[in-house]
Protein chains: 2
Amino acid sequence: MSGSAAGPSGPIRLLLADDQALVRGALAALLSLEPDLTVVAEVGRGDEVVPEARRTAPDVALLDVEMPGLDGIAAAAALRTALPTCRVLVVTTFGRPGYLRRAMEAGANGFVVKDTPARQLAEAVRRVHAGLRVVDPTLAAETLATGASPLTERETEVLRAARGGGAVADLAGVLHLSEGTVRNHLSAAIGKTGARNRAEAVRIAEQNGWLLGG
Amino acid sequence: MSGSAAGPSGPIRLLLADDQALVRGALAALLSLEPDLTVVAEVGRGDEVVPEARRTAPDVALLDVEMPGLDGIAAAAALRTALPTCRVLVVTTFGRPGYLRRAMEAGANGFVVKDTPARQLAEAVRRVHAGLRVVDPTLAAETLATGASPLTERETEVLRAARGGGAVADLAGVLHLSEGTVRNHLSAAIGKTGARNRAEAVRIAEQNGWLLGG
DNA sequence: GACGGCCCCTGACAAATGTCACGGCCGGAA
DNA sequence: TTCCGGCCGTGACATTTGTCAGGGGCCGTC
């Protein structure tokens with residue numbers, strides 16, 4: 001394959017985090033085909049990343065974004081502070097602009113969507129390990145075009161709560177706000193997203209990756 | 001690994017269909033580790049399944065449900081009629097009751113969610129190839145409990161159109177119905193799903209896998 | 001200190017949404 | 001045949017939702 005032998009310090013040690021066991025195992029098989037890579041740890045939850053990394057001391061961590069316990073972005077941030085020498089490559093299903101932005105702010109070294117050809121993954125790992133940044137250029141452009149979230153903290157919070165599809169009264173109860181206030185925040189969010197609807201606003205915000213966390 | 005050598009008729013020939021190239025390639029790597037399995041085709045769209053299967057004559061096809069062009073269930077049905085001897089194993093991200101039901105009705109021989117351990121996939125392929133049915137028992141029970149979709153054809157159609165978050169007027173335009181009729185179908189769907197909302201009804205129906213096709 | 005931005009609340013109004021009672025159509029049961 | 005039940009379509013009606021114009025409080029920066 002690509003011309004890389006195991007360096008003088010031995011093969012690159014990898015940690016894999018993905019909530020789908022089948023995908024996790026398949027990625028492990030794929031990466032294990034490369035002689036200079038070795039998978040030393042696998043986890044299925046975001047909150048298991050740091051403990052497992054402490055135990056196994058990987059060189060590079062591949063983190064999915066959508067995970068129970070802790071999303072991959074938050075796990076990346078935690079990993080950066082816990083093991084600063086460990087590089088982070090975020091591997092996600094959805095190429096959402098906000099995801100990339102948040103990942104970079106969290107200190108990730110690379111960002112790859114699951115649409116990329118399988119052959120390129122190992123090369124991305126090597127680049128990240130070498131200290132380079134790896135980012136899908138198309139997605140990077142889109143991220144710059146979309147810009148950061150225009151939503152205020154309260155507005156995102158209300159939109160997040162509105163994902164379930166509950167009525168205003170329900171949201172007001174959960175968030176401990178007046179109904180009028182909830183309506184106001186929703187209205188602001190609808191305006192900022194350019195939506196015509198509460199439902200559409202939720203959809204747009206979600207697609208842009210503005211609803212992470214919480 | 002598991003005690004299975006290549007049979008007298010050679011290794012089992014596989015076709016992989018998944019829209020995420022990385023996952024597809026990783027699955028290929030995983031399955032290629034087994035000496036009695038060989039991947040002869042990979043496609044990223046549902047409507048490429050049958051043509052590619054005609055060309056390569058696989059023994060077993062692994063189909064993802066969420067795919068562009070044609071969903072995995074519909075592709076399974078098409079494959080059953082085009083190549084009746086080819087077995088079908090549906091591999092999906094979401095273990096939705098309706099998916100399993102529809103897959104079985106479409107003639108699939110097995111149904112596996114991506115949460116299952118990687119080691120079990122090869123075994124599932126062998127079982128399906130041997131003519132056995134492979135179904136996650138937990139999911140099967142849930143499917144029986146949930147029952148078939150209570151929604152009428154029109155109701156599902158309207159709910160599907162409502163996913164985008166558009167207003168009643170928009171839906172009426174797309175479906176060529178009166179606004180009152182659309183509202184009526186939505187109301188019925190809300191009642192049958194036990195939702196309090198159009199948005200909630202969409203969520204529930206989607207989670208149960210009642211919105212496939214179209 | 002004055003200003004601006006964000007947050008929280010309120011009340012009123014127009015527009016969209018959800019509910020209901022109704023009629024027509026079709027296919028199976030009596 | 002007649003009846004019944006399900007699905008489809010429609011329009012009237014009450015409720016909810018989204019918008020707007022306010023008000024006050026809490027930070028920060030200038």
Side-chain angles (χ1 to χ4, degrees), chain A residues 98 101-102 105 147-208 210-214, chain B residues 98 102 147-208 210-214:
Chain A
R101 178 179 300 274
R102 302 274 305 262
E105 289 170 1
S149 171
L151 300 175
T152 199
E153 190 179 346
R154 252 337 193 212
E155 286 158 4
T156 52
E157 201 172 340
V158 173
L159 265 196
R160 254 200 299 267
R163 275 184 300 190
V168 172
D170 306 339
L171 309 189
V174 174
L175 301 170
H176 306 291
L177 293 178
S178 142
E179 297 194 15
T181 305
V182 171
R183 270 207 282 271
N184 255 345
H185 286 306
L186 283 174
S187 184
I190 290 171
K192 289 182 181 177
T193 53
R196 304 179 84 57
N197 240 339
R198 173 192 319 191
E200 202 180 349
V202 168
R203 200 171 50 77
I204 292 174
E206 210 158 38
Q207 281 178 359
N208 285 331
W210 293 338
L211 261 39
L212 263 189
Chain B
R102 303 274 305 261
S149 171
L151 300 175
T152 200
E153 190 178 346
R154 261 313 200 227
E155 286 158 5
T156 50
E157 203 172 339
V158 173
L159 264 195
R160 253 200 299 266
R163 275 184 300 190
V168 172
D170 305 340
L171 309 190
V174 174
L175 301 170
H176 305 291
L177 292 178
S178 141
E179 298 195 14
T181 306
V182 171
R183 273 205 286 277
N184 201 5
H185 285 307
L186 284 174
S187 183
I190 291 171
K192 288 181 181 177
T193 53
R196 305 177 83 56
N197 240 341
R198 173 193 320 193
E200 202 180 348
V202 168
R203 200 171 50 76
I204 292 174
E206 209 158 37
Q207 281 178 358
N208 284 331
W210 293 339
L211 259 41
L212 262 190

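In what follows, chains carry the letters A, B, and so on, assigned in the order in which the sequence lines appear, proteins first and then strands, with residues in each chain numbered from 1.
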Undergrad: Tell me the salt bridge (Lys or Arg N to Asp or Glu O under 4.0 Å) pairs involving residues 183-195 of chain A, sequence neighbours left out?
TA: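 Checked against salt bridge (Lys or Arg N to Asp or Glu O under 4.0 Å) - neighbours excluded - the pairs reaching residues 183-195 of chain A are A:E155-A:K192.
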
Undergrad: Determine whether more than 12 heavy atoms belonging to other residues, nucleotides or ligands lie under 6.0 Å from atom CD of A:E105.
TA: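 Result for CD/A:E105: enclosed.
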
Undergrad: Does anyone know the first and last nucleotide of DNA chain D in reach of chain B, 5' to 3', at under 4.0 angstrom to a heavy atom?
TA: D:dC7 to D:dG11

Undergrad: Counting the atoms with a prime plus P, OP1 and OP2 as sugar-phosphate, which does B:A169 contact under 4.0 Å by heavy atoms, base, sugar-phosphate, or nothing?
TA: nothing

Undergrad: Once rounded to the nearest 0.5 Å, what's the spacing between atom CG of B:N197 and atom CG of B:L186?
TA: 11.0 Å

Undergrad: Which atom names give the shortest non-hydrogen contact between A:L212 and A:R102, and what distance separates them?
TA: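 For A:L212 versus A:R102, the nearest heavy atoms are CB-NH1, 3.6 Å.
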
Undergrad: Who pairs with B:R154 by side-chain hydrogen bond (donor to acceptor under 3.5 Å, both in side chains), at least two apart in sequence or on another chain?
TA: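 By the side-chain hydrogen bond (donor to acceptor under 3.5 Å, both in side chains) rule, B:R154 matches B:E157.
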
Undergrad: Taking the side chain as everything from C-beta on, heavy atoms only, tell me whether B:T193 gets closer than 4.5 Å to B:W210.
TA: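 Yes, their side chains come closer than 4.5 Å.
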
Undergrad: Please report the interatomic distance CD1(B:I190) to CG(B:L159), rounded to the nearest 0.5 Å.
TA: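 These two atoms lie 8.0 Å from each other.
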
Undergrad: Do any side-chain atoms of residues 168-181 of chain B form donor-acceptor pairs under 3.5 angstrom with protein atoms, and if so which ones, sequence neighbours left out?
TA:
{"from": "B:D170", "atom 1": "OD2", "to": "B:A167", "atom 2": "N", "distance (Å)": "3.2"}
{"from": "B:S178", "atom 1": "OG", "to": "B:G180", "atom 2": "N", "distance (Å)": "3.0"}

Undergrad: So, using side chain to side chain contact (heavy atoms under 4.5 Å, CB included) as the criterion, who are the partners of B:R196 when residues are at least two apart?
TA: B:E200

Undergrad: Output the residues of residues 173-188 of chain B in contact with DNA chain D, where contact means a heavy atom of the residue under 4.0 Å from an atom of the strand; sort by number or write none.
TA: B:L177, B:S178, B:G180, B:T181, B:N184, B:H185

Undergrad: Only counting residues at least two apart or in another chain, list the ones meeting side chain to side chain contact (heavy atoms under 4.5 Å, CB included) with B:A199.
TA: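 Applying side chain to side chain contact (heavy atoms under 4.5 Å, CB included) to B:A199 gives none.
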
Undergrad: At a heavy-atom distance below 4.0 Å, which nucleotide of DNA chain C is the first touched by chain B, and which is the last?
TA: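 Taking any atom under 4.0 Å from a heavy atom of chain B, the span is C:dT17 to C:dA21.
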
